[in-house]
Structures are given as structure tokens and as C-alpha cells.
Amino acid sequence: MPAHAPESDPLARERSHLAASRSALRAMREDVEALDIRDVTANWVNAIVLQAQIDDRIKALADLSHTPLFFGRLDYLHAPGAELAEGAEGEQFYIGRRHVHDADGDPMVIDWRAPVSQPFYRASKADPQDVALRRRFGYTSGELTAYEDEHLSDPAEAAAVSKLLQQEIERPRVGPMRDIVATIQPEQDEIVRSGLSGSVCVQGGPGTGKTAVGLHRVAYLLYAHRDRLARTGTLVIGPNRSFLHYIEQVLPALGELEVKQATVDDLVARPGLEVRGSDEAATAVVKGDARMARVLRDAVRSHVTAPTEPLMVVRGSRRWRVPAYELAEIVEELQRRDIRYGAAREALPQRIAHQILVRMEQAGEAPDDRVQDAVARNAAVKAAVKEIWPPVEPAKLVLRLLSDPEFLAVHAEGVLTADEQKLLLWPKPYRSVKSAKWSPADLVLIDEAADLVERTHSLGHVVLDEAQDLSPMQYRAVGRRCTTGSATVLGDLAQGTTPWATRSWDEALTHLGKPEAVLEELTAGFRVPREVIAYASRLLPAISPGLAPVSSVRETPGSLTVTEVTEADGLTPAVIDACRASLVHEGSIGLIAADARIPDLGRALLDAGLPYLSPGEETTAESRLTLVPASLAKGLEYDYVVLDEPAAVVSGEPDERTGLRRLYVCLTRAVSGLTALHAAPLPGALAPPPA
């Protein structure tokens, strides 16, 4: 359609293009479904692989009825000398979640990740980027309902805030997290489109869209570097299963089905080792300290024993002798190379065999590689290797460190204090790896030890969300999954709620092995109303001094209510009434409370005839209320939040600072409105509430 063609009924014409695009997408899917792999290959192995690829392609071409196939349009001006949109003079491009073409191969919808789509997010009056007109579309349940135009090349038209953009940001949330592809802002787009080779750390306060930016970056990288990432793999790491369930539909909605999701606990899980224990905060802090890597490294290397006896190898009628000093030289050389313990152990018999082959050649024989391999497998050589460089089982090593005070003291000397060593030791040692009550932090230690023995498989790109809550040892566990790849690190220092929470991104990135990562800060808030984020930001001086507060672009009068409940009225009945009042509104409702209050509130909701969901369960039009423990609120969002007893949220944590950070998280989960109810006095920074 020409860029300046007359439009008697623009909305009807756009609806017609939407219908035609849906038909074209359906035809693309039917073409793939009609493929017969028997026409391509007769090899059954290749057939299985090809069929799996076809099935994935069919899924990627699904038309999601509840989401728009395109959300914008660019009309290019292509002024003389312009570098953008070569060959696109006078053309229109519809911008959507995936590419759609007609029967002739001409594009009907352009993937948002394509270079020609970039000006949709970055063009402005000051820098129109060869765009004459940018059109945004409004949708309801996937159907086009409105449009809005910006004439970027017309200096007479004043720049204005997009109402459709604002409505899309504020649209009620029911179900899992949705993508933000229609509302990506210029500063977010720069992060999304940053290259694969570099790592990025995004510091972003509540509502700045850092999680969505990270997920969209994965989708962009898969588009721009699909072949490479198909070989090396991608992974999204979240803080817990509820969070992963909440975000799991974002990438499929963008046509990406192959990205794996996991928690850090999933990464370090090992067959046969069950987490059945927990650590006191002080113990967990020591176990998560980066110094533990030095202790483990020393403990692993301590298994190597300097040879004191010569080695005699018998082959046929000949005896070949390797003196102890030569064996010691081989061992010292392997240790100097600083390679993995297991790799050095595998190299040792070959090095010994090589010394024997040298003697064979000096005696006039002509041995080849097969002889060297045979010598390396000789019983005497194998016995010597077992004695000098015995195998190390990571779990047994950690079991011994946590059970044997003398063994720990030897390898922690000069690294951990005596008090820290006492914290590490189990009160009652366990007899075996299987009987031990491992804690999550213990499995991270085992993972570190396993990497010292054998290199961990590395992926092409890893996204790490809610990173501020990781310990240095957890950062190391994630970092070794992307030693040869890149990372996107997402977090907010103010929301760190673990005793070992990250103090600075420079420190965290060093532990991750990505000290060169670029630090980006998102300070413009799009989700949390200005009144709510300003109230929560009163806590920042106490929880994260020097951190810039989020500046929300949304002013929503009446979005914040802070109410003191008298003893006569009762806190729980008031909370139930607040939930009923919130359910009058459209969208999702979250009742957030201290973990200890959840059982009582759950019973009260059921007694009041208000069924509820647990975090991670998908909200629907019929079931919109979720009861959320404060410990699981991070990363989630609801249209309306009822917050029960802020003081209980604070007192539920090991210390006041962590408690205030947990409260900051809970206060900033609301998209449209927050009602905070309290019987106990509010934390000092929050009282009295704003007028």
C-alpha cells in the first residue's frame, strides 16, 4: 500500500490487513504441516531430528488469538541521501511479533527485531530516522479497535505522549506476565539490541521493565544470532519456580520456544543428592562467600601425592623403569599448567607412557600411538596414577570438609577464621553422602568442587534475573555456565533480601566472571503509579543509600491508601473487606502478607467465600485473587495489591535492613492501586502517610 494513499476508512483498511495477515500466517503454518519428511530423507535418525524441527516451526507459527499480530506501522519517507530503509521508498511496514509473508513471499508483517523495525522504538521528532509516520494500534483480545498517528516529519505537529501506549502499559493484567514488545522505550531498546559478544548488567527499580527487557534481549539475540545460539544454547535463570511460571509465556509469545528456564538450585542439583536441610543465616553467609572457592580448590589439589617409588612396566620380555624423580617432574608440570583436576588425571598416564616410549625408541624399537595407549592402560601405570592422582568425588569432598574439623582447618588456614570454620561444621557429622541433610548452599559448594574436577558446560547466553539476591558462590555457579558466552544480569540493589545480598554490581560481576559487562540503569518507571513508588522510595535511604529512586511516568490519583485498623475492627476482617473492594475493579488482585500470616489469612479468605490462588498459578477472569507470601512477591505484579501489616513483613526477616527491603518489594507490586492496612505502628520512614 503506498505510503500516502487516500484512506476513506483507515480503521477498516487496517482491520482488513490484519485479517489478510492472519490468513497468510495460517497458510505459512499449513505449508509446514504439509511437509512430508519422506521426501527429504530416508535416514530414520535424520527423520526424527527433522520432524522435531518441523514441530517446533509449527508451534512458532501459531496465531495467538489474544495478542495482536502487529501493533504498529511505519511509513518511510526515504528522503534523498537517507541511509535507512534502503529500497523501502514509499513503503509501509507493519511491525509485529514475528515475520509474516504472503504467497509471493512479500512481507505483510515485519518482525520487531528486524533492522527496519528499529525506528518504531527510537525515532522521534528530533531524529525521525527517515520515518514520515508512525502508527500505533489499540487492541482488545487481539482485535484492532483504534489507531494513533505521529507525523515525525511534520515540524508543525507537536510531540505528544501516546495515549494508546499509556493504555497498553496500564491494561489490566490477568494471567502470566505478558511481553512489552509494543511498548519498548528507546532506552530499553538500546539494551535489547545490544550485541551478543558483550555482557550487560541492568540496574532497574520496580516497574522499570528490567525483566521484560532481559527476555526481549534473548528473543532479539536468537533472531540475530540464531545459528550460533542454536548450537550453544540459552538459559533464563529466575529466583524461584513461581517467578519462572509467571514469565514463561513471554518468549513463546515472541515465537521463541527453545529457551530453557531454571533456578540456581536447579543448576547445581545433582542426581542422588536431595536438599533436606537448611542453614542459619550466619552459616549460609560463610558458605556463600567467595573465599570458599579457595578452600575447595586447596582441598581438591591436596589429593595429589608426590611419587616416592619408581614405576616398572613389563611388556613382553622387557622391563621399562621410570624413576620417581621423573614421575615427580611430570606431576609438577601438570600442576603448574593449572588445568582441571580430572583433565590432569587423564593426562598423567599418557605422560608416563610417553616417557616409556622414549626409552623404547632409545633401545631401537619403533613404537606408535597404539603402543603408547596400551602402555597408558597397563595395570602398573593405572595403579601408579591411582596412588599419585586419585579420583575425587565432589560430594564426598564437601562432606569431609563439613564433617572433619582437622581437614577443614588445614585447607581453610589463612582463609577463614576459626569462628567461621565452626559455623561450617555440622553439629553431628553424617556417615555418607546419601544420609547427609544437604542445604541449598551445600550443593553450590559441591558444584564448585565438581567444576574443579571437570569443566562445566558453557552456554551461549544466560539471563540472570533478580540477581541482587545471589551469594558470590552462586554467582560463580552461574558464571561457569557462560564462560564462553555472554550474560544479561538484571536486578535492583534496593530489593536484595538475603543476608548475602549483593552490595555492588562491580563486585557481583567480578564473581560472575564478567567484570567487563556494561552497567545500564533504568530509572523511568512504567508500571508502578507515581504515588505508590514515591511512598515506597521513602525507604531507600535506609535500605540502599545513594540509589536513585524510580521516577514513574504514571500519575494515578487515589492509587495509594494507607489505613490504620483499630483493635476493635480487627486487622484480618479489614483485609478481607479490602480484597472484596479490590475485586470490584478489573484485573488481578494480590494479597501480600508476611509468611507467618499466610495460613490465617488463607483460612479467613475461604471462610469469607473468597477462593484464592497461590503465586505462580495463572489468574483467569473467574479467579483473580492470589495470596502471596512476602518471600515470594519479588518479580510478580498485580493490578491491585492489598498489603497486610507492613511491620510483620519487616519483623519476619533476620534483621531490620533486610526486612525493610522485603517491605519495599511488597509495596511496589501494584500496577493500578495499593491498599496497605496496619494495626501495628508503621516503620518510621513510612509514617505518617502522605496527605
Side-chain angles (χ1 to χ4, degrees), residues 270-271 293-401 404 406-415 433 446-458 480 483-484 513:
R270 298 181 73 81
R294 292 166 57 189
V295 175
L296 288 164
R297 182 184 180 87
D298 191 70
V300 168
R301 291 187 166 197
S302 71
H303 288 74
V304 179
T305 303
T308 57
E309 298 292 332
L311 171 64
M312 191 71 69
V313 175
V314 179
R315 280 187 59 82
S317 61
R318 300 294 299 271
R319 290 171 177 261
W320 306 99
R321 183 177 181 275
V322 182
Y325 78 88
E326 284 194 19
L327 294 175
E329 288 174 354
I330 295 172
V331 170
E332 290 170 6
E333 191 272 333
L334 286 172
Q335 288 179 314
R336 283 197 302 272
R337 288 188 58 196
D338 198 27
I339 58 178
R340 294 296 195 283
Y341 184 92
R345 187 174 187 274
E346 291 176 1
L348 180 56
Q350 290 290 337
R351 298 296 177 87
I352 294 173
H354 176 72
Q355 292 297 99
I356 293 175
L357 258 67
V358 169
R359 285 165 169 74
M360 289 180 177
E361 290 171 348
Q362 291 171 344
E365 296 188 17
D368 56 18
D369 290 344
R370 289 175 297 179
V371 174
Q372 179 167 328
D373 290 339
V375 172
R377 294 193 300 270
N378 181 276
V381 174
K382 291 169 70 173
V385 169
K386 186 175 181 180
E387 180 70 23
I388 298 168
W389 211 294
V392 171
E393 207 290 301
K396 288 183 178 179
L397 176 76
V398 175
L399 180 80
R400 187 178 177 190
L401 277 172
D404 185 340
E406 293 182 4
F407 185 69
L408 176 62
V410 168
H411 302 297
E413 184 180 0
V415 181
V433 166
I446 294 171
D447 190 73
E448 178 83 25
D451 185 70
L452 290 167
V453 175
E454 184 177 350
R455 183 182 296 276
T456 304
H457 174 67
S458 177
R480 51 182 163 265
T483 51
T484 58

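Predicted model only: the values in this text are computed from it and were never measured.
- Heavy atoms of other residues, nucleotides or ligands lying less than 6.0 angstrom from CD of Glu454 number 12 at most.
- A 4.5 Å side-chain heavy-atom check between Thr456 and Thr483 finds every atom pair outside the cut-off.
- Salt-bridge annotation for Glu365 and Arg315: absent, with no side-chain N of the basic residue lying under 4.0 Å from a carboxylate O of the acidic one.
- Looking at every heavy atom in both residues, Ala450 comes nearest to Pro394 through CA-CG, 3.6 Å.
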Taking it one step at a time, do Leu348 and Val381 satisfy side-chain contact (heavy atoms from CB on, under 4.5 Å)? CA-CA 9 Å; Leu348 180 56; Val381 174; over 6 Å; no
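- A distance of 12.5 Å separates CD in Gln355 from CD in Gln350, rounded to the nearest 0.5 Å.
- Contact annotation: the side chain of Arg318 never approaches that of Val313 to less than 4.5 Å [non-hydrogen atoms, C-beta and beyond].
- The structure places CZ of Arg340 at 4.0 Å from CZ of Arg455, a figure rounded to the nearest 0.5 Å.
- With respect to Glu448 and Arg480, a salt bridge is recorded, a charged nitrogen being found less than 4.0 Å from a carboxylate O.
- Considering every non-hydrogen atom in both Val375 and Met360, the closest pair reads CG2-CE, 4.2 Å.
- A heavy-atom distance below 4.5 Å is found between the side chains of Leu397 and Phe407.
- Of all the heavy atoms in Leu327 and Glu309, the pair that sits closest is CD1-O, 3.7 Å.
- Side-chain contact check for Val371 versus Leu357: some heavy-atom pair is nearer than 4.5 Å.
- Residues Ile356 and Arg321 are not in side-chain contact: their nearest non-hydrogen atoms beyond the backbone lie 4.5 Å or more apart.
- Enclosure of atom CD in Glu393 by more than 12 non-hydrogen atoms of other residues, nucleotides or ligands within 6.0 angstrom is indicated.
- What you find for Arg270 and Ile446 is that their closest heavy atoms are CD-CG2, 3.2 Å.
- Ala299 and His303 make their closest contact through O-ND1, 3.0 Å (heavy atoms, listed as atom of the first residue, atom of the second, distance).
- Residue-environment remark: CD (Glu333) exceeds the threshold of 12 foreign heavy atoms within 6.0 Å.
- Note that CG of Leu334 and CD of Glu332 are 10.5 Å apart. Values are rounded to the nearest 0.5 Å.
- Closest heavy-atom contact between Gln335 and Trp389: CG-CH2, 3.8 Å.
- Arg351 CZ to Glu346 CD: the interatomic distance, rounded to the nearest 0.5 Å, is 12.5 Å.
- A distance of 11.0 Å separates OH in Tyr325 from CD1 in Ile330, rounded to the nearest 0.5 Å.
- Atom CG of Asp368 has more than 12 neighbouring heavy atoms from other residues, nucleotides or ligands inside a 6.0 Å radius.
- We find the CD-NE2 distance between Glu406 and His411 to be 11.0 Å, quoted to the nearest 0.5 Å.
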